[in-house]
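No experiment lies behind these values; they were computed from the predicted model shown.
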Amino acid sequence: MKYIQLPAEEGVRRLSFYLAMEEYVARHLDEPECFFMWQVEPSVIFGRNQLIETEVNMDFCRSHGISIYRRKSGGGCVYADMNNVMFSYITNEQNVNFTFNRYIMMIVRMLQRLGVDARVSGRNDVLVGDRKVSGSAFYRLPQRSVVHSTMLYDTDMINMVGSITPTDTKLLSKGVMSVRQRVCLLKDYILLTLPEFLQFVHDEMCDGERLLTTADVKAIEELEQQYLSPDFIYGNNPRYTLVKKRRIEGVGDLEARIELKDGIIRSVNLIGDYFLIGELDSQLLDKLKGLPLNPAAISRALPDRIDDVVLNLYKEDFIDLLIQ
């Protein structure tokens, strides 16, 4: 696997640059497997299918100088700063479950070689003991898969909690204590400094480097503008008359916002921290337009398999979400 290296003069960029770098590498580099690491100034990044107003504490972020970005993968909202590390993995492998599991096991084995009692938990987390140290998300491009993850070496816990939860002092204090019970910091389990850890990961994960050119960097900067678009970050919230919410094990927290007129579905917007592996609109949501909101009509319109659109989502569970 090749490590993708920026030119030596490059400093710390905005988080949007590294999202664009992942996509550029996936679309334009002919390496079958690539990996790189990055760090950013305090930032919040939320998932492709989430609403910013329900995931991000905008006032806290503004007052604490925390930047806000949306990514093209699913999953939940996370905080990043210069004291933790973000990993990016790009591969030709198209089987989503295989890709995801293989990558996470690479991370687990890398941590175990440091003497850390790391293990996989659920669909996308790495735990040390019973506390989370890393979470991952992914998306697909033509002929390529992109996986990215956080690695909590260290971080500002007040910023982490406050950027995603209410700013009330008591709630913030309780939130920090609660999060500290559920997540851990890698610095407490290894003797390596952060720069030493970065070098260790580089050497363990990769067997060579691919140096990007100044032309590559310019192309990444151009692609980055998509990630900086207000329409992409903030999104256009469609009208709706019904909201249906449900947590589905192995899928995530889902919220279906349905626009109805005279009992007929005009549109459906599916919000949540789920992982999208197909074309949501054309393969799933567009098929609901013009249907009465009843299970028989919806069942006839949908394909038998929709877990190839939303990971682990089965037809019966989706219909239950819409009808409940």
Side-chain angles (χ1 to χ4, degrees), residues 4 6-7 9-26 36-89 124 132 134-139 146-168 171-172 175-176 179 183 185 194 198 212 217-237 271-273:
I4 305 303
L6 286 165
E9 68 271 13
E10 290 293 323
V12 175
R13 297 274 195 151
R14 291 177 293 193
L15 189 148
S16 51
F17 176 86
Y18 300 106
L19 296 179
M21 181 173 163
E22 291 176 334
E23 185 173 345
Y24 177 82
V25 168
F36 65 94
M37 295 176 284
W38 40 285
Q39 295 161 277
V40 292
E41 298 297 338
S43 302
V44 164
I45 177 173
F46 62 106
R48 168 178 173 172
N49 308 300
Q50 294 185 305
L51 292 177
I52 190 170
E53 65 265 26
T54 61
E55 302 298 329
V56 181
N57 189 320
M58 303 287 286
D59 291 338
F60 184 94
C61 289
R62 290 190 191 101
S63 64
H64 289 76
I66 300 171
S67 301
I68 301 168
Y69 303 92
R70 185 191 294 272
R71 61 182 186 268
K72 292 187 177 181
S73 61
C77 185
V78 298
Y79 168 82
D81 60 30
M82 290 298 294
N83 288 319
N84 62 19
V85 189
M86 310 295 279
F87 293 168
S88 294
Y89 172 65
N124 65 326
K132 179 176 176 178
S134 176
S136 300
F138 71 90
Y139 70 101
V146 177
V147 186
H148 37 216
S149 57
T150 61
M151 180 59 68
L152 285 174
Y153 178 88
D154 192 6
T155 196
D156 186 319
M157 298 300 296
I158 292 177
N159 275 357
M160 174 187 282
V161 174
S163 60
I164 306 172
T165 56
T167 55
D168 179 273
L171 289 176
L172 186 58
V176 170
V179 169
V183 305
L185 301 177
L194 182 50
L198 294 174
L212 296 181
V217 172
K218 181 175 176 56
I220 293 169
E221 291 171 339
E222 292 173 357
L223 181 58
E224 181 187 11
Q225 298 309 305
Q226 297 179 16
Y227 290 89
L228 293 172
S229 163
D231 283 347
F232 179 75
I233 296 173
Y234 298 101
N236 295 315
N237 297 332
I271 297 162
D273 59 355

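Between K72 and F232, the closest heavy-atom pair is CG-CZ, 3.8 Å. What you find for I4 and F36 is that their closest heavy atoms are O-CB, 3.4 Å. Across all their heavy atoms, G74 and A137 have their closest contact at O-CB, 3.4 Å. When all heavy atoms of L152 and K132 are compared, the pair lying nearest together is CD1-O, 4.3 Å. Minimum interatomic distance between N124 and S136 (heavy atoms only, all atoms of both residues): ND2-O, 2.8 Å. The two residues L51 and I271 have their closest heavy-atom pair at CD1-CD1, 3.4 Å.
Every residue two or more places apart in sequence or in another chain was checked for a side chain to side chain donor-acceptor pair (under 3.5 Å) with S43, and none qualifies. Applying the side-chain contact (heavy atoms from CB on, under 4.5 Å) criterion to R13, with sequence neighbours excluded, gives E10, F17, Y18, V217, E221.
Using a 4.5 Å heavy-atom cutoff, the side chains of F60 and N159 are in contact. Side-chain atoms of M21 and W38, non-hydrogen and from C-beta on, never get closer than 4.5 Å to each other. Counting heavy atoms from C-beta outward, Q50 and D273 have side chains that approach closer than 4.5 Å. In this structure, N57 and V44 have side chains that are not in contact, with every pair of non-hydrogen atoms separated by 4.5 Å or more. In this structure, D156 and P42 have side chains that are not in contact, with every pair of non-hydrogen atoms separated by 4.5 Å or more. A 4.5 Å side-chain heavy-atom check between Y24 and E222 finds every atom pair outside the cut-off. S67 has its side chain out of reach of L15: every pair of non-hydrogen atoms, C-beta onward, lies at least 4.5 Å apart. Using a 4.5 Å cut-off on side-chain heavy atoms (C-beta onward), Y79 and T150 make no contact.
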Next on the checklist: For M82 and L194: C-alpha separation, side-chain torsions, deciding distance, then whether side-chain contact (heavy atoms from CB on, under 4.5 Å) applies.
Outcome noted: CA-CA 10 Å; M82 290 298 294; L194 182 50; over 6 Å; no
Next on the checklist: Apply side-chain contact (heavy atoms from CB on, under 4.5 Å) to residues L212 and I220 and explain how you reach the verdict.
Outcome noted: CA-CA 10 Å; L212 296 181; I220 293 169; 3.9 Å; yes
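Annotation: the span from I52 atom CD1 to Y234 atom OH amounts to 5.0 Å, rounded to 0.5 Å. Taking CD1 of I66 as the start and CD of E41 as the end, the distance is 11.5 Å to the nearest 0.5 Å. The line from OG of S88 to CG of L19 is 7.5 Å long, rounded to the nearest 0.5 Å. Taking OH of Y227 as the reference point, atom CD of E22 lies at 7.0 Å (rounded to 0.5 Å). The CZ atom of R71 lies 9.5 Å from the CZ atom of F46; values are rounded to the nearest 0.5 Å. Going from atom CD of Q225 over to atom OG of S16 covers 8.0 Å, rounded to the nearest 0.5 Å.
R70 contributes a side-chain N or O that, together with a main-chain N or O of G47, makes up a donor-acceptor pair within less than 3.5 Å.
Between E224 and R14, at least one side-chain N (NZ, or NE/NH1/NH2) sits under 4.0 Å from a carboxylate O, which counts as a salt bridge.
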